[in-house]
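Structure first, commentary second.
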2 protein chains.
Amino acid sequence: MPRIVVDVMPKPEILDPQGKAIAGALPRLGFTGFSGVRQGKRFELTVDGEVTEELLEQARTAASTLLSNPVIEDVTRVEVLADNTAEGEQ
Amino acid sequence: MPRIVVDVMPKPEILDPQGKAIAGALPRLGFTGFSGVRQGKRFELTVDGEVTEELLEQARTAASTLLSNPVIEDVTRVEVLADNTAEGEQ
């Protein structure tokens, strides 16, 4: 069944303590090439049947009202995932 | 600066209570076209300078050891984000 992906990230000006903790842990574990980490959320909404433009609009509205807090987070993506494929295989 | 995106999702056979809660809330808020929701995590690793194959390999290793719990989660994507663009604009 088709899925709609919604990505939500903390706004750039907002402190991200989880990301900071990961950024601090990476060099201690030998991963030295990274200067910063931000942690956000990824949602997969499964759709029954066809993905219509109306359904995408519903997903966009849900993304900005239920799935994210617009005060501290940005919705960075609302997109259809191809049927039954992992994203890397598209 | 270039960023590497890492997506981590709960394995399909693992119960996802957050996703279940969202799936239950959607129809109550008038979003009726969705049959299920899974919630995962999205990381953006900022890279100083060029993204080399070695750095991508580091990111893959970090993804499967530090950023995810391989018992309950799958790394669904490790990919370079184009410089200074939101994903939808690529």
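Chain identifiers are assigned alphabetically (A, B, ...) following the order of the sequence lines, protein sequences preceding nucleic acid strands; residue numbering begins at 1 within each chain. It should be emphasised that the depicted structure is a prediction, and the values quoted were computed from it without experimental measurement.
For A:Ala23, no part lies near chain B; criterion is any non-hydrogen pair under 4.5 Å. If you measure heavy-atom distances from A:Leu29 to chain B, the contacts under 4.5 Å come from the side chain alone.
At a heavy-atom separation below 4.5 angstrom, chain B is approached by A:Thr65, A:Leu66, A:Leu67 within residues 64-72 of chain A. Using non-hydrogen atoms only and a strict 4.5 Å limit, no part of residues 13-20 of chain A faces chain B.
Once rounded to the nearest 0.5 Å, the distance linking CZ of B:Arg42 with CZ of A:Arg38 reads 12.0 Å. Annotation: the span from B:Met9 atom CE to A:Glu44 atom CD amounts to 4.0 Å, rounded to 0.5 Å.
The side-chain contact (heavy atoms from CB on, under 4.5 Å) test with A:Ser35 is passed by exactly one of B:Asp48, B:Val47, B:Leu45: B:Asp48.
With chain A as the partner, the residue from B:Val51, B:Thr32, B:Val8 showing the most heavy-atom pairs under 4.5 Å is B:Thr32. Counting heavy-atom pairs closer than 4.5 Å to chain A, the top residue among B:Ile4, B:Ile22, B:Val6 is B:Ile22. Ranked by heavy-atom pairs shorter than 4.5 Å toward chain B, the options A:Ala25, A:Ala62, A:Gly49 are led by A:Ala62. When each of B:Thr61, B:Thr46, B:Leu26 is scored by its heavy-atom pairs under 4.5 Å with chain A, the top score falls to B:Thr46.
By the 4.5 Å heavy-atom criterion applied to side chains, A:Gln39 and B:Lys41 are counted as neighbours.
Of all the heavy atoms in A:Gln58 and B:Phe31, the pair that sits closest is OE1-CA, 3.2 Å.
Heavy-atom contacts from other residues, nucleotides or ligands closer than 6.0 Å to CD of B:Glu53 number more than 12.
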